[in-house]
Amino acid sequence: MFPPSTLTKSKQISTGPLDPAEAQWTRLVKTTYSDPLGTERTWEFAERQTRPAGCEIDGVGVIAILKKLTGPELLLQRQYRPPIDKIVIEVPAGLIDPNETPEQCAVRELKEETGFVGVAEKTSSIMYNDPGFCNTNLKMVHVRVDMSLPENQNPQPELEENEFIECFTVPLSSLFEEIRKLEKEGYAIDSHVATLAEGIELAKKWNL
């Protein structure tokens, strides 16, 4: 489907407890709350430290569909993620900058991570990634990519020195089957990609 990944060279070297004084991106929090019966309880969770002041989200995910002669294809990427020591299949995504709208963030991240130039068309409600464990959230932004534009003929990512991202596309109509194949090949599937695939399958089943 696409060339072998060079990301397989990435691997975990060691793991261990993180000293809170060293933490740059997250912190652990203990909260005390009252349950429906009035019993006082505690809960531990992780909290991002990068959300801009006054902003309601941490970042965005980008749903970029490329219209091709053979049909619409979803733009995906693969990236090694140290917490699970696996290469993950994801949609383009990134953290929001101060005074930036979700739509501006989505267009910027798409250009930086994939090289494609697009126009934001629709934005989701706030999605919480794992509310039992952390407060991280995002909005999914649909971005239209005009494949007739000269800048989209040979897109060049603008990755940072610590970013190693490989882009590819899969037919939107067979996304569910494609990610099942990728999972069997050893890739981890990001929840947003998997949920999108499940939604497409439900739409097919119920003729929505």
Side-chain angles (χ1 to χ4, degrees), residues 2 5-7 10 24-26 45-52 55-66 72-145 152 155-170 172 175-176 178-179 182-183 187-200:
F2 45 82
S5 175
T6 61
L7 301 176
S10 299
Q24 301 180 52
W25 306 99
T26 60
F45 65 94
E47 182 179 75
R48 273 195 182 275
Q49 299 297 291
T50 56
R51 186 182 301 178
C55 186
E56 61 182 356
I57 60 173
D58 293 302
V60 301
V62 182
I63 298 179
I65 298 174
L66 313 186
E73 297 190 3
L74 178 66
L75 180 61
L76 294 175
Q77 54 191 37
R78 46 189 179 182
Q79 182 173 187
Y80 173 77
R81 293 299 193 179
I84 61 173
D85 195 29
K86 285 189 175 184
I87 300 172
V88 184
I89 304 300
E90 310 170 338
V91 294
L95 299 177
I96 195 165
D97 287 341
N99 303 313
E100 188 176 45
T101 67
E103 295 75 19
Q104 290 169 336
C105 180
V107 171
R108 174 180 58 77
E109 287 290 348
L110 181 68
K111 181 68 166 61
E112 292 176 358
E113 293 190 352
T114 74
F116 282 103
V117 174
V119 177
E121 292 189 319
K122 185 177 292 187
T123 304
S124 76
S125 56
I126 298 176
M127 298 181 179
Y128 292 88
N129 298 340
D130 190 352
F133 172 70
C134 65
N135 71 339
T136 303
N137 63 18
L138 54 67
K139 287 188 176 183
M140 297 295 285
V141 182
H142 298 208
V143 176
R144 175 171 52 84
V145 178
N152 287 332
Q156 298 298 316
E158 303 165 2
L159 301 176
E160 297 179 16
E161 59 89 19
N162 64 339
E163 288 184 312
F164 301 91
I165 298 172
E166 298 172 349
C167 299
F168 64 101
T169 63
V170 298
L172 193 61
L175 179 60
F176 185 86
E178 295 293 343
I179 63 173
L182 288 163
E183 186 176 35
Y187 293 99
I189 311 300
D190 178 80
S191 62
H192 301 98
V193 176
T195 301
L196 178 58
E198 293 285 349
I200 292 173

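Remember, predicted model here, so these are calculated numbers, not experimental data. These values consider heavy atoms only, across backbone and side chains, with no hydrogens, waters or symmetry-generated copies.
- Judged purely by atom type and a 3.5 angstrom limit, Q104 uses its side chain to pair as donor or acceptor with the backbone of T101.
- Legend: residues meeting side-chain contact (heavy atoms from CB on, under 4.5 Å) with T50, ordered by chain and number and at least two apart, are W25, R48, L95.
- Applying the side chain to side chain contact (heavy atoms under 4.5 Å, CB included) test between E103 and each of T123, V60, V143 identifies T123 as the sole match.
- Rounded to the nearest 0.5 angstrom, L76 CG and T169 OG1 are separated by 8.0 Å.
- Using a 4.5 Å heavy-atom cutoff, the side chains of L138 and N129 are in contact.
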- Tell me, with the steps shown, if V117 and V145 meet side-chain contact (heavy atoms from CB on, under 4.5 Å). CA-CA 6 Å; V117 174; V145 178; over 6 Å; no
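- Of all heavy-atom pairs spanning N137 and I57, the tightest one is OD1-CA, 3.1 Å.
- Listed by first and then second residue, the side-chain hydrogen bond (donor to acceptor under 3.5 Å, both in side chains) pairs that reach into residues 82-92 are Q79-E90, Y80-D85, R81-E90, sequence neighbours excluded.
- Contact between T114 and P155 at its shortest, heavy atoms only, is O-CB, 3.6 Å.
- L159 has its side chain within reach of I165: a pair of non-hydrogen atoms, C-beta onward, lies under 4.5 Å apart.
- Shown here is E160, whose CD atom has no more than 12 heavy atoms of other residues, nucleotides or ligands within 6.0 Å.
- In this structure, the separation between OH on Y128 and CG on D58 is 9.5 Å, given to the nearest 0.5 Å.
- Across all non-hydrogen atoms, the minimal contact from P102 to V141 is O-CG2, 3.8 Å.
- The nearest pair of heavy atoms linking L7 to F164 is CD2-O, 3.5 Å.
- With rounding to the nearest 0.5 Å, the separation of CG in L74 from CG in L196 is 6.0 Å.
- Considering only residues two or more places apart in sequence or on other chains, A93 meets the side-chain contact (heavy atoms from CB on, under 4.5 Å) condition with none of them.
- The line from SG of C167 to CZ of F116 is 7.5 Å long, rounded to the nearest 0.5 Å.
- To the nearest 0.5 angstrom, R78 atom CZ is 7.0 Å from I87 atom CD1.
- Among residues two or more places apart in sequence or in another chain, the side-chain contact (heavy atoms from CB on, under 4.5 Å) test is passed with V119 by R144.
- With sequence neighbours excluded, the residues forming a salt bridge (Lys or Arg N to Asp or Glu O under 4.0 Å) with K139 are E56, listed by chain and number.
- Looking only at atom types and distance, the side chain of Q77 has no donor-acceptor partner in the side chain of E166 under 3.5 Å away.
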- Task: Tell me, with the steps shown, if V170 and L175 meet side-chain contact (heavy atoms from CB on, under 4.5 Å).
- Result: CA-CA 7 Å; V170 298; L175 179 60; 3.6 Å; yes
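- Expressed to the nearest 0.5 Å, how far SG of C105 lies from CD of E112 amounts to 8.5 Å.
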- Item | CA sep, side-chain torsions, deciding dist, call: I200, L172, side-chain contact (heavy atoms from CB on, under 4.5 Å) | CA-CA 8 Å; I200 292 173; L172 193 61; 3.7 Å; yes
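- Every residue meeting the side-chain contact (heavy atoms from CB on, under 4.5 Å) condition with V107, not counting sequence neighbours, appears here in chain and number order: A120.
- No side-chain heavy atom of Q49 sits less than 4.5 Å from a side-chain heavy atom of Q24.
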- Using the side-chain contact (heavy atoms from CB on, under 4.5 Å) rule, take V88 and I189 through it: C-alpha gap first, then chi angles, then the decisive distance, then the call. CA-CA 6 Å; V88 184; I189 311 300; over 6 Å; no
